[in-house]
Amino acid sequence: MAEYVASTAVEIVTNQAKEYASPFLRYFFCYGEIVEDFKNQRKELKLRKQRVKTRVDEAKRQIKVIYEDVEDWLRRAEKELEETQNFEEEIDGVKRSKWCPQWSWRYCLSKKLAEKTLIISKLLETSNFPQVGYRGSLQGIEFITSTDFMDSESSKSALNQIMVAINSVNMIGLHGMPGVGKTTLAKEVGKHAREQKLFDKVVMFTMSQNPNINKIQEKVADIFGLNFETSSQEGKAEELFRSMQGVKKILVIVDDIWEEFKLESIGIPVGDEHKGCTILLTTRHQQVCTKMNCQREIQLGILSEDEAWVLLRDKASLEDDCSTLTHVAKEVAGECKGLPLAIVTVAKALKGESLDGWRAVNQRFKDSRHLDNEEVLGGVLKPLKLSYDYLKEGNSQMTGNDIQMCFLLCSLFPEDAEIISDELIMCGIGLGLFSNVRSIEDKKNEIRMAVKKLQKSGLLLETDVAETIRMHDVFRDFAHWLTSTGENRFMVKDKLKEWPYMVGCYTAIALWNCSSKIKNFPDKVEFSKLKTLFLKGGAGDDLLVVPNTFFEEMKALQVLLLEHVFSLKGFNSLPNLKTLCCIRCKLENFSSSLTNMRSLEILSLFETKINEISEELVKLSSLKLLFVEVEEEEEINFPPNLLSRLTSLEELHVRSKNNINLLELNSLSRLTAVSLRLSTNHFSQEYFVLPKLQRYAIVVNDYIRYLESLTFRALTIKNFSSSLIAFDNLFCNVEKLKLGNISGQKNIVPSIGKMGVNELTSLELESCKDIEFLTDITREQGPIVAFSNLMELNVSNMVSLKGLCYGLSPTRFLQNLKQVIIRDCTELQVIFEMDKLSEKVKCQRPLLSNLTILELYSLPKLESIWKLEPSHHATASLARLKVVKIRDCDKLKTIFSPCLALSMVHLEELDVTCCDGLEQVIGFAQEEEIIENDFPLCCWPKLRILHIEFCRSLKYICANAWTQGLQSLESIYIRDCSQLIQVFNIEQNKHGQDIVLPELGSQNHCWTKLKTLQIMDCQLLKYVLANTLSQELPLLESIYLVNCPQLLQVFSSTEERDMIGDHILLNVPFLQDLVVSNCPQFSCLIVQAQLIKELVLSNVGNSRQLCNTNVPILNENCIVVGNHEEVFQVQGGYSFSSIKKLKLRNLFEVRIIWNDFAQVVTLENLTTLTLSGCKKLRYIFSPMMARSLSHLVDLFIEGCEEIERLILAKDQVSSSSSNGNSGLQPMSFPNLTRIVVTNCKNLNSLFPFGFVPVLPKLESLIVKRNSKLEQVFELEDEVEVVAEKEMKFDKLKWLSLEELPGLIHFCPKGYHSVFPAMIKLNVRDCPKLTTVFFIDSQELVHCKTKLVEQDAVEESTTVRNAIFNKNIDWSQWWG
């Protein structure tokens, strides 16, 4: 009883103390409240410090400099947490004294806690850092992104000068000698510009000596996302020009320009045409900078002696010590004259060489003094010559010469050309390279090895296409210098309009792009020593006509390459010709010409038109390689028994339809490689078997692909019902196998590949109706190893396929599998049935550990992707899986088991569509699979794209706990998942705290890379992101939330800095699209998004009555997402100039869109405005705001019952506002095209205008059911109209005025309107309308509003039919 009285008395006194007492009394009577407040604030500070620390650590990893105020805040937070650590023990001490607390002790502790709480609160208030760091100025090697960039004094100086210049001038020239690193530096400038976001677009292209304008235009267009609509060079230039003018800031890097060039001819705007376009050009010649009017000219110099040594040391992997080798290497570096390209080339050549090798090279440098006097290349040639000579080192004299000749052959091709390797090989064989090997295959391998050595030496460059190579222009110049004198002389010319002047004897001539109208083309030339001739005409039908006499005096010719050439009457005698390659040529009397080429070894006719292939081909007794492909669907006819008599033939490539008798191939004992396009008719012989081949691309009943014959052992068989015995010798070593519509086979191994097809890397099966499994090994019979090297598996429309393996799996089965694509297999139930693994398989590395891509489509009976016993978990891993796409698999209930999901650390894309039976993405199908919940699943750290659509049974992504660590996620798209309950859920411990794995810290709460969030048609979904999720969404660009009736919130937080009152504050600086529609339970969200372009709010928060919640006034501009009185809060004259589409529907509590019409709000880019069902909205725009709507195209207003005016009248605008004098500027809507205003019962007028015409582009005007509307168009100032004025609507096609009982005027009194484009007019139920409509003799619609009541339309000869009735339904097409 005493306790009850005491406690009651304390409670009464405490309550009164809270209300009336001084702070000192509060320390006695509010102790419990103070303690609780302190604990909460200290806990919040601890969590907030951890979050800020995580952001700081992430910023440091990104090489950012941390702001001083952030560092200071962390220090103060740490200090407060340390100082308050002991307060917990003091609080516990007070608790132990229950009946007679020590009041003095309690008072002191209460005071200290209150003071500390205040300090902590202030710390929390100042912890909302938009950014914790910034990128510092880039300097030093740690910031260089390219390993090729040499951080020298010269390059650093040039880089700094350029970075300063691009901010102040429009045209910058970078010049320097060949190989000094201009291109590398220009690339570095582009990288810096991109990283620092100095420009909106950065584009770089190479001009070269003979620029390919079309190729350059295509590259620039790709950067700007432009698809050309014209084909001419001039048309493309104009399109590019206009496209680039639409981008504010552009950096264009023009590399390797040789002479003055008008960039406008490409489409690049220069100077005053686009002041935001900055151009950086690189050139070898300083005078080019002057001619191009460069405002800043910057020279890139060579390296100093020390820098040259450092570069050579690093590239050659040398030690910087006092050894003799180092001393010699430093001398070699000095001989390179500071040229980076030369140093790198020499270093690659000498890497790993002994001291004797370095000494020999050094002596060669010193002995080549005559090269120092060369006028053009000067000292650059010496190191290049060294690298060239060094190709012989380590090889025989013959092999070294052959590698050098490969290098020189490459210089015959056009500048910057991508050289097809097989063309180079055929030319090399024709010149007799590697004559020590005999077979074509071996010669090809030797030349390929030579090319690889040239690439490793830096003398040749790789390209994006494996079958092509490229030559650096400096080395091409060097090769031309080497062949400019002496016995081995070359001539290379491009774009010839006149035959070049030639002096002396040449061994190789290459004339490219010779016009068909070339002047002085000779009938005959005398080149007694010419061994190689490349001759190319113009493009398309511009064939170069060459008479047969042209070749008469070329008796030594060994290689002839013709492209786009029309040869009259064939060729005269070419007794030493070894290689003839014709590309898209037209050759007359070709067969008869073959008798003049008795030494020919290689004959290649690519898309070349010839009269026929005749018996004359047999006279080519040395022919080793025959390549024939005619145009399109033409057929090649070989005379009977012709091929069997080409006994020297080693390679046969016939890529067009043909009549080859395959039995003849068995007579060719030397045949090792073929590419053939065959049909079923070629296999009429019952027991025929193709011979064993080293390399082949054989296609049956299909087309042969470009370069397919040159790369792999590939076999394609389609629509083939006969026995496959003819291919038995090929199945043993086939690398790429495609089977389509093959019948009679139930499996691949052993039915087709008895030896296990272990060299197979790619398998494609389509419409093979009888195949049930890839392998069927039910007994001890069959191969022990099968499919061990298979990397790609593509299966489609296999109606009988039941699985991949029947019985126990062979050894190493699918161990290298990287890509699996399966579609339209109606019987497939399980794909990877790993329960039946043999003991041999269990001992290998984990199955599927190389799988990268998995795509499954239209598998109606698929129940499980992987069937794996719990005891076999260690035998499978998806560690390299990156892409998973699944569609139309209705019986699939789960995709991944927890164990497999945990292994998917490299998953980047997950796309699941139309899987009606899917319940979980990560599921627990068996009790044994359930993992103990000591920690949540933590996987998929690299997932970028999550796309789930039309999965109507899906309830969870993961039933147990959502995977944490999704810091790479960029896009979330979820649509039509009607049973989905949650998308993301974070596991909590027994204390209700989020579990964070130590190795991830708190990054599992951050979405720093998320750009797109789209969730639509999810009827049960309430939450998307966990409520402890950080508001760090710096890259978010679009939010779409549509038709989610139970959705309560997407973004939420328990952090005070992320809250405004009870509302969540979302700061998304890059957000452009925000759409929230039909989410009636949605909580109010305050969004800060300055770049918003599309805003759609429809039926948001109507069921929660959020209109009664007060949204505080912020100091920044924001958008209120919810059913609130205000949509936008505007502070400080903010301009919403980026908004293009604004749609507000069924927001029943919205009264005003902009919180203060006096603010200067401009909507200069708004094109569409839709307002529907905003029943309490009074007005839309202030006069000043309305005058900024220069781009408004569509205006739709419906069901806004309280709206009286679209635009406030002058007397409704505060005299103190900035709109007070808005009438000085006339109101106009120059682009408004469509207007629809319906069901606005309080609307009395649409538009107030100061002058006419104001709607020059109006095409459609529909006004219906607006009961109080009196005027459609109203003058701002009432002015008495004495004389009639005309108001023209030149483009108005559709006018509808219906159910407007209060309408008096369409246009103001005294105005006469003309509608020359009118095709549809509806006027109905407008009883008070005084405006009269009529049609004149020219079928033009007019209307007039009477000046006085008794006025009538005057009769005139121009009036054919006056319309006086109240209801009008007129269409021009009906008359």
Side-chain angles (χ1 to χ4, degrees), residues 423 425-444 507-509 524-535 546-562 565 567-583 585-606 608 610-628 636-654 664 667-673:
E423 286 185 17
I425 288 171
M426 287 189 288
C427 295
I429 294 174
L431 285 176
L433 300 186
F434 301 101
S435 57
N436 56 323
V437 293
R438 301 190 62 180
S439 72
I440 291 288
E441 184 68 24
D442 289 342
K443 288 179 185 288
K444 284 186 171 184
T507 58
I509 295 177
K524 182 190 298 185
V525 288
E526 185 175 347
F527 292 127
S528 59
K529 295 185 178 181
L530 188 64
K531 294 182 179 180
T532 305
L533 176 62
F534 293 176
L535 197 58
V546 179
N548 65 322
T549 56
F550 179 75
F551 304 100
E552 278 185 1
E553 301 300 327
M554 300 182 187
K555 304 299 183 183
L557 195 64
Q558 294 178 259
V559 175
L560 177 58
L561 188 152
L562 302 176
V565 168
S567 179
L568 297 172
K569 299 181 181 179
F571 308 94
N572 278 332
S573 178
L574 295 171
N576 291 297
L577 190 65
K578 299 292 183 67
T579 294
L580 174 60
C581 181
C582 301
I583 303 170
C585 295
K586 183 177 181 181
L587 307 178
E588 289 188 352
N589 301 320
F590 174 72
S591 296
S592 61
S593 301
L594 296 177
T595 58
N596 302 321
M597 305 177 188
R598 298 298 178 95
S599 299
L600 196 65
E601 295 183 0
I602 296 175
L603 175 59
S604 176
L605 305 174
F606 179 77
T608 291
I610 58 176
N611 50 346
E612 63 177 350
I613 292 180
S614 67
E615 291 283 347
E616 301 294 333
L617 195 63
V618 177
K619 296 179 181 179
L620 302 179
S621 58
S622 299
L623 190 64
K624 297 181 179 180
L625 186 153
L626 176 61
F627 184 105
V628 184
I636 304 170
N637 291 312
F638 289 87
N641 300 318
L642 171 64
L643 290 176
S644 61
R645 287 180 285 165
L646 299 176
T647 54
S648 297
L649 202 62
E650 298 178 20
E651 293 196 14
L652 175 64
H653 306 284
V654 183
E664 295 186 48
S667 302
L668 303 175
S669 59
R670 299 181 181 181
L671 192 66
T672 59

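Remember, it's a predicted structure, so these values are computed and weren't measured experimentally.
- Side chains of Leu623 and Leu649 form a contact here, defined as non-hydrogen atoms less than 4.5 Å apart.
- Closest heavy-atom contact between Ser593 and Asn589: OG-O, 2.9 Å.
- Listed here is the closest heavy atom pair of Lys443 and Arg438: CE-O, 3.7 Å.
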For salt bridge (charged side-chain N to carboxylate O under 4.0 Å, His left out), just list the numbers for Glu615 and Arg645, CA-CA rounded to whole Å, side-chain angles, deciding distance to a tenth of an Å, and then say yes or no. CA-CA 10 Å; Glu615 291 283 347; Arg645 287 180 285 165; 2.4 Å; yes
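- Of the possible donor and acceptor atoms, one in the side chain of Glu664 sits under 3.5 Å from a partner among the backbone N and O of Asn641.
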When you look at Val546 and Phe551, which way does the side-chain contact (heavy atoms from CB on, under 4.5 Å) test go after all the steps? CA-CA 9 Å; Val546 179; Phe551 304 100; 3.8 Å; yes
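- When side chains are defined from C-beta on, Lys619 does not count as touching Leu594, because their heavy atoms never get closer than 4.5 Å.
- A donor-acceptor contact shorter than 3.5 Å links the side chain of Ser591 to the backbone of Glu612.
- Considering every non-hydrogen atom in both Leu668 and Leu643, the closest pair reads CD2-O, 3.1 Å.
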Yes or no on side-chain contact (heavy atoms from CB on, under 4.5 Å) for Val618 and Leu642, after CA distance, side-chain angles and deciding distance? CA-CA 7 Å; Val618 177; Leu642 171 64; 2.9 Å; yes
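- Every pair tested for side-chain hydrogen bond (donor to acceptor under 3.5 Å, both in side chains) that includes a residue from residues 595-606 fails, sequence neighbours excluded, so the list is empty.
- Taking CG of Asn576 as the reference point, atom NZ of Lys578 lies at 7.0 Å (rounded to 0.5 Å).
- Residue-environment remark: NZ (Lys529) stays at or below the threshold of 12 foreign heavy atoms within 6.0 Å.
- Taking all atoms of both residues into account, the shortest heavy-atom contact from Cys585 to Val565 is CB-O, 3.2 Å.
- Interatomic distance, CZ of Arg670 versus CD1 of Ile440, reported as 11.0 Å (0.5 Å rounding).
- In this structure, CD on Glu650 lies 8.5 Å from CG on Leu625, to the nearest 0.5 angstrom.
- Scanning all heavy atoms of the two residues, the minimum distance from Ser648 to Ser621 falls at OG-O, 2.9 Å.
- For Ser439, the side-chain hydrogen bond (donor to acceptor under 3.5 Å, both in side chains) test picks out Asp442, with sequence neighbours left out.
- With values rounded to the nearest 0.5 angstrom, Thr579 atom OG1 is found 11.5 Å from Ile425 atom CD1.
- Here the rule is side-chain contact (heavy atoms from CB on, under 4.5 Å) with Leu577, and of Leu603, Val559, Leu600 only Leu600 fits it.
- Here CG of Leu652 is found 11.0 Å from OG1 of Thr672. Values are rounded to the nearest 0.5 Å.
- From Leu580, atom CG reaches atom CG of Leu574 across 8.5 Å, with rounding to the nearest 0.5 Å.
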Show the numbers, then the answer: is there a side-chain contact (heavy atoms from CB on, under 4.5 Å) between Phe590 and Cys582? CA-CA 11 Å; Phe590 174 72; Cys582 301; 5.6 Å; no
CA sep, side-chain torsions, deciding dist, call: Cys427, Thr532, side-chain contact (heavy atoms from CB on, under 4.5 Å): CA-CA 8 Å; Cys427 295; Thr532 305; 5.8 Å; no
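- Atom NZ of Lys624 is surrounded by more than 12 heavy atoms from other residues, nucleotides or ligands within 6.0 Å.
- Proximity of Leu620 to Leu646: side-chain heavy atoms (C-beta onward) are nowhere separated by under 4.5 Å.
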